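Okay, structure first, notes after.
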Amino acid sequence: MTTPSTSRDRAADEPAVYDASSIEQKWQSRWQEEGTNSPDLEHGESPYYQLMMFPYPSAEGLHIGNLYAFTGNDIQGRFRRQQGHTVFEPIGFDAFGIHSENFALKVGVHPLELIPRNIANFRRQLSAAGLMVDWSRELSTTDPAYYKWTQWIFLKLYERGLAYKKGAAVNWCPSCKTVLANEQVIAGACERCGTPVEQRFLDQWFFRITDYAERLLKNLDWIDWSDSTKTAQRNWIGRSEGAEIVFGKRETGNGKGESGDPFPVSHLPFPAVPVFTTRPDTVFGATYLVLAPEHPLVEQLTTAEQRAEVDAYRERTARQDLVSRKITEKEKTGVFTGATATNPATGEQVPVWIADYVLMEYGTGAIMAVPGHDARDFEFATAFGLPIVRVVAADGESPEAPLGEAYTGGGRLVNSGEFSGMTVADGKRAITEWLARRGAADARINFRLHDWCISRQRYWGPPIPVIYCDACGTVPVPEQDLPVELPYLENFKPDDTGVSPLARDESWYRVLCPRCGGLGRRETDVSDTFLDSAWYFLRYPSVRRGDVPFDDTLTRRWLPVDWYIGGNEHAVLHLLYARFITMVLHDAGLLPFEEPFRKFRAHGMIIRDGAKMSKTKGNVVNPDVYIEQWGADTFRTYLMFLGPYEEGGDFRDSGISGVRRFLERLWRTALEATAGGEPDEAVMRKLHQTIRKVTEDTAALGYNTAIAAMMEYMNTLRAGERTAHRDEVEPLVQLVAPYAPHMAEELWERMHEGLSGVTRQRVLDSGWPVADSALAAEEMIEIAVQVNGKLRARLHLPAGSTQADAERAALADAQVAKFVTGTPKKVIYVPGRLVSIVV
RNA sequence: GCCGGGAUGGCGAAAUCGGUAGACGCACGAGACUUAAAAUCUUGUGGGGGAAACCCCAUGCGGGUUCGAGUCCCGCUCCCGGCACCA
């Protein structure tokens, strides 16, 4: 072995120029050659599944928001790996869906051609960013080997009675002749052509996610997720406790039926109308009823005189799109049906109206209107001259005090018979029980969560694996016949039939019934993209298995996901659906857990120069340009430095240079470091403080402050005329490795050049430095001295100083003495921090 | 309207079991090196007063609790994100 040349000699020979581009290319190809990022999933110790939300591979390429998410995720993964975990950081592409399809239509290229092209571009960009991604287990939702199992999941739900078909309203653009998602309806018009949107009823497949509402809500209490995400899910699930109250049920009864049974038509005009309310305590103030215009009872209730008006109103509502119907600011409209119903509390007859502010899909599709204590009802009652009665009064308020607006606050019941005087809470309970005893009410819990409509009358998605047979009805495609492959359609544009373009390919949809062998017809709708993404994390570890969706052993070993990072824009839909599907598979005995993600954190949004990035503003950051100019290491580190990861940050070009300077200083300092002599004690103290801070902050996503701490340490290292000792620098290279992985590897290699044994070791597998609290401890501490709360002096005392020492030193200080006359009234001591003197 | 999150120097931001406000970085000023520029290095930088030592003011606005408040409480304003006639 030759005499090891020190880095210093080397630095003297050739100038240590930091060439980011060549270093990054070198390490990216090494990682690929050495399989660095493909962990041994069967045997690797201490598995750690670090997951990021997979991207939709758009034609524009990687968005800065994606890269921000991925970098933060990658740093966490690398950090865990250095701490000794076997880290699995997979990637895939969410490439089905309307988004891709619309884009393909726009540019006139088939998605089958377009998507692989986009994915290739994404691969290039993601590699250039230096992500520790396991490319050997990449997946795409559009791959038949993947969506075979998406279809299989549909079958599992179908088997369990959780998939069903029913008619449902959709937005329909009569000009584009297609179904629109709610997001595609802008102010009641089609976002593309501006034509007013109508409602249509189509048969659609639904998943019974509402069966899981209670559980989806309950588990939120214990899963370790961002609070903002949990709150969003809670609101979305929208649990409401209340009662279903029946209006119009005859007290004496006719000997048949429990509460809620609609009376036969012959009983006109008193059919029973069940309503849902969260305020059963206000039933004495219910002065009229309102039904959704499409409520089935409207037909029976409407009197001959009102028929024309009611029909006209219903028709008008039906023409309206689903979005603008739900606009709050809109003026209230409605029509009287001519019928009245009995208020079960007062026994009075109240008029029954229909109005579009009542929605058929929530509760019973009918409400008891309490204009005195509900803002919407108040508005309606005012518009149509309906009676307004006060049944709740705030403490000290007169029961007869007039209501200028709906009073929705608490207080005591008034004008409510024997219940007057009760609090709102007691009244709720008591009145519900009272009505229940008479068969006119039931306590009830309602959710605003609706069943998940998974049907899409589109082309670019996995065909729903169902066959319709005249003899057998709906027949699921047998498992062994999966996948039902999406056929190549030259023309995949949606048309005016309102059914999927797949319905044009007769050779595809004409099949034999798997049950009876007779003539059958495939379902021509495809499933929602959100179904593709509701289970992809289960597939990653088992992506090489063709025979099962997910391997048992691998799943037990790697799932649930240890840490999931993604945007809060998916707080409700994707994250809720993923939880739901996991629960269903758990209930089917296919998964040993019911929550898919142990830990979820939402990253923040990244804006630019104080404004949201958008193509129209022309302030979109193209990662390629920045990586080319500054290098991936600088770009990554800068992205993480601009603000707290969970809050996002403001991207400004001017800030990048500071990060680049920091890395260059590190580069020079490391290569100039000497192995001779001893490290400096004060520097080592700072080093151990830095290790502690970077470790804590990195683990808690405090990337910006972790970077600041490393910069601070770099300033310490470079203070004065000295050359750093390699023991002072090596741990810093390890700390910076998750942030600037290429440079760290290069430095690590150069610093160990000529040394045997460790030469082959990569910084990624070199471990994570451990802070030594003894070495980190300060010898001297600074104590602030306040007099009457104002800072008057700073004392430097030995670390072991007692309260008495500190007080003595404080009072002895000249500056302090100026403000302390006589004996202090009180002295407060905060150990190691301050002395507060009150005079 | 409801639910989250936020407001701190010229700018991005630190600091929240209440305890030295502005770490780190950008930008800017001064200096060193250079024929010069760039790069690099040193140094200064919240506002006001003062020759200085120091003093006063300052974390969106108005109150409060406290020896002490960016942090806690009450009442507002504005910004961002989400949901939105859910009874």
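It should be emphasised that the depicted structure is a prediction, and the values quoted were computed from it without experimental measurement. Chain letters run A, B, ... following the sequence lines, proteins first and then strands; every chain starts at 1.
- A cation-pi arrangement is not found for A:Lys332 relative to A:Phe380, the charged atom failing to lie both closer than 6.0 Å to the ring centre and inside a 45° cone about the ring normal.
- For the P atoms, the distance from B:rC78 to B:rC85 is 24 Å, rounded to whole Å.
- Spacing between B:rC80 and B:rA32 at atom P, rounded to whole Å, works out to 48 Å.
- Distances from the side chain of A:Thr277 to the nucleotides B:rC67, B:rU40, B:rA87 place B:rA87 closest.
- Residue-level contact check: A:Val358 touches the bases, meaning some heavy atom is under 4.0 Å from a base atom.
- Residue A:Phe641 is in base contact, counting any heavy-atom pair closer than 4.0 Å across all strands shown.
- Between A:Asp813 and A:Leu795 there is a side-chain heavy-atom pair separated by less than 4.5 Å.
- The nearest whole Å value for the distance from the CG atom in A:Leu795 to the C1' atom in B:rU20 is 11 Å.
- One atom, OH of A:Tyr362, and another, C1' of B:rC83, lie 14 Å apart when rounded to the nearest Å.
- As rounded to the nearest Å, B:rG10 and B:rG4 have C1' atoms that lie 31 Å from one another.
- At the heavy-atom level, A:Arg660 lies nowhere under 4.0 Å from the strands shown.
- Put simply, A:Arg792 has a side-chain N or O that comes within less than 4.0 Å of OP1 or OP2 on B:rC56.
- A distance of 6.0 Å or more separates the ring centres of A:Tyr288 and A:Phe384.
- Across all strands shown, the partner of B:rA32 is B:rU40, judged by Watson-Crick or G-U wobble contacts whose two distances both fall under 3.5 Å.
- Two residues, A:Asn446 and A:Ala709, neighbour RNA chain B, and the one matched to the more 5' nucleotide by heavy-atom proximity is A:Ala709.
- Residue A:Asn568 has no polar side-chain atom (N or O) positioned under 4.0 Å from OP1 or OP2 of B:rG4.
- Checking the phosphate oxygens (OP1, OP2) of B:rC41, a side-chain nitrogen or oxygen of A:Arg668 falls inside 4.0 Å.
- Comparing atom distances between the A:Met711 side chain and each of B:rC85, B:rG19, B:rG25 picks out B:rG25 as nearest.
- For the pair A:Leu639 CG and B:rG25 C1', the computed distance is 15 Å after rounding to whole Å.
- The distance between atom CD1 of A:Ile237 and atom P of B:rG82, rounded to the nearest whole Å, is 20 Å.
- Within the shown strands, nothing qualifies as a pairing partner of B:rA51 under the Watson-Crick or G-U definition with both distances less than 3.5 Å.
- Checking the phosphate oxygens (OP1, OP2) of B:rU20, a side-chain nitrogen or oxygen of A:Arg833 falls inside 4.0 Å.
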- [ ] Run the numbers on A:Tyr407 and A:Asp374 for side-chain hydrogen bond (donor to acceptor under 3.5 Å, both in side chains), then give the verdict.
- [x] CA-CA 7 Å; A:Tyr407 173 69; A:Asp374 180 280; over 6 Å; no
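- Taking 4.0 angstrom as the limit, A:Asn715 places none of its side-chain polar atoms (N or O) nearer than this to OP1 or OP2 of B:rA23.
- Cation-pi geometry between A:Arg579 and A:Trp225 is met: under 6.0 angstrom from the ring centre, within 45 degrees of the axis.
- Rounded to whole Å, the separation between the C1' atoms of B:rA38 and B:rC57 comes to 42 Å.
- For the 3.5 Å distance criterion, the side chains of A:Ser240 and A:Asn446 fail to qualify, holding no donor opposite an acceptor.
- The C1' atoms of B:rA30 and B:rG81 are separated by 44 Å, rounded to the nearest whole Å.
- Distances from the side chain of A:Trp236 to the nucleotides B:rA14, B:rC67, B:rC83 place B:rC83 closest.
- Among B:rG12, B:rU20, B:rA27, the nucleotide with an atom closest to any side-chain atom of A:Ser657 is B:rA27.
- At the heavy-atom level, A:Phe819 lies under 4.0 Å from the strands shown only through sugar-phosphate atoms.
- Between A:Arg234 and B:rC3 there is no side-chain N or O to OP1 or OP2 distance below 4.0 Å.
- In summary, the aromatic rings of A:Trp452 and A:Phe206 are positioned with their centroids too far apart to meet the 6.0 Å limit.
- The side chain of A:Val830 sits closest to B:rG19 out of B:rG19, B:rG4, B:rC67.
- Within the shown strands, nothing qualifies as a pairing partner of B:rU66 under the Watson-Crick or G-U definition with both distances less than 3.5 Å.
- For B:rC26, its base never sits under 3.5 Å from the side chain of A:Ser654 at any donor and acceptor pair.
- In this structure, A:Leu834 atom CG and B:rG18 atom C1' are separated by 11 Å, rounded to whole Å.
- Atom C1' of B:rG48 sits at a distance of 15 Å from the matching atom of B:rG9, rounded to the whole Å.
- Shown are A:Tyr703, A:Tyr739, A:Phe662, A:Phe651; of these, the ring pair (Phe, Tyr, Trp, His ring centres under 6.0 Å) with A:Tyr638 is made only by A:Phe651.
- Between A:Glu569 and A:His574, the closest side-chain pair of non-hydrogen atoms is not below 4.5 Å.
- At a threshold of 4.0 angstrom between heavy atoms, the contacts of A:Asp356 include nucleobase atoms, whether or not backbone atoms are also involved.
- Glycosidic conformation, B:rG9: syn, with the torsion inside 90° of 0.
- For the OP1/OP2 pair of B:rA13 and a distance below 4.0 Å, the side-chain nitrogens and oxygens of A:Thr705 include no atom meeting the criterion.
- Between B:rG19 and B:rC28, the two C1' atoms lie 33 Å apart (nearest whole Å).
- Look at OH on A:Tyr18: it is 18 Å from C1' on B:rU40, rounded to the nearest Å.
- Between the side chain of A:Lys332 and the base of B:rC85 there is at least one donor-acceptor pair of N/O atoms closer than 3.5 Å.
- Nucleotide B:rG25 forms a Watson-Crick or G-U wobble pair with B:rC11, both donor-acceptor distances falling under 3.5 Å.
- Side chain A:Gln786 to base B:rG19: a donor-acceptor pair is found below 3.5 Å.
- B:rC83 atom P lies 23 Å from atom CZ of A:Arg239, rounded to whole Å.
- Pairing of B:rC2, defined by two Watson-Crick or G-U wobble distances under 3.5 Å, is identified with B:rG82.
- The cationic atom of A:Arg792 (NZ for Lys, CZ for Arg) lies less than 6.0 Å from the six-membered ring centre of A:Phe819 and within 45° of the ring axis.
- Note on A:Thr278: only backbone sugar-phosphate atoms sit closer than 4.0 angstrom, heavy atoms only; bases stay farther off.
- A:Arg448 has no side-chain polar atom (N or O) that falls below the 4.0 Å cut-off from OP1 or OP2 of B:rC85.
- Within the nucleic acid shown, A:Leu642 comes within 4.0 Å of sugar-phosphate atoms alone, with no base atom in reach, counting heavy atoms only.
- For A:Lys790, a side-chain nitrogen or oxygen approaches OP1 or OP2 of B:rC57 to under 4.0 Å.
- Only the P atoms considered, B:rC76 is 31 Å distant from B:rA21, to the nearest whole Å.
- Proximity note for A:Arg652 (side chain, C-beta onward) versus B:rU20, B:rU40, B:rC11: the nearest is B:rC11.
- As judged by a 4.0 angstrom heavy-atom cut-off over every strand, A:Gln815 is placed among residues touching the sugar-phosphate backbone only.
- Each of B:rG19, B:rA23, B:rA14 was ranked by its minimum atom distance to the side chain of A:Ala708; first place goes to B:rA23.
- Protein atom CZ of A:Arg665 is 12 Å distant from nucleotide atom C1' of B:rU42, rounded to whole Å.
- Residue A:Arg661 is the one, among A:Arg661 and A:Glu569, whose nearest nucleotide of RNA chain B lies closer to the 5' end (criterion: closest heavy atom).
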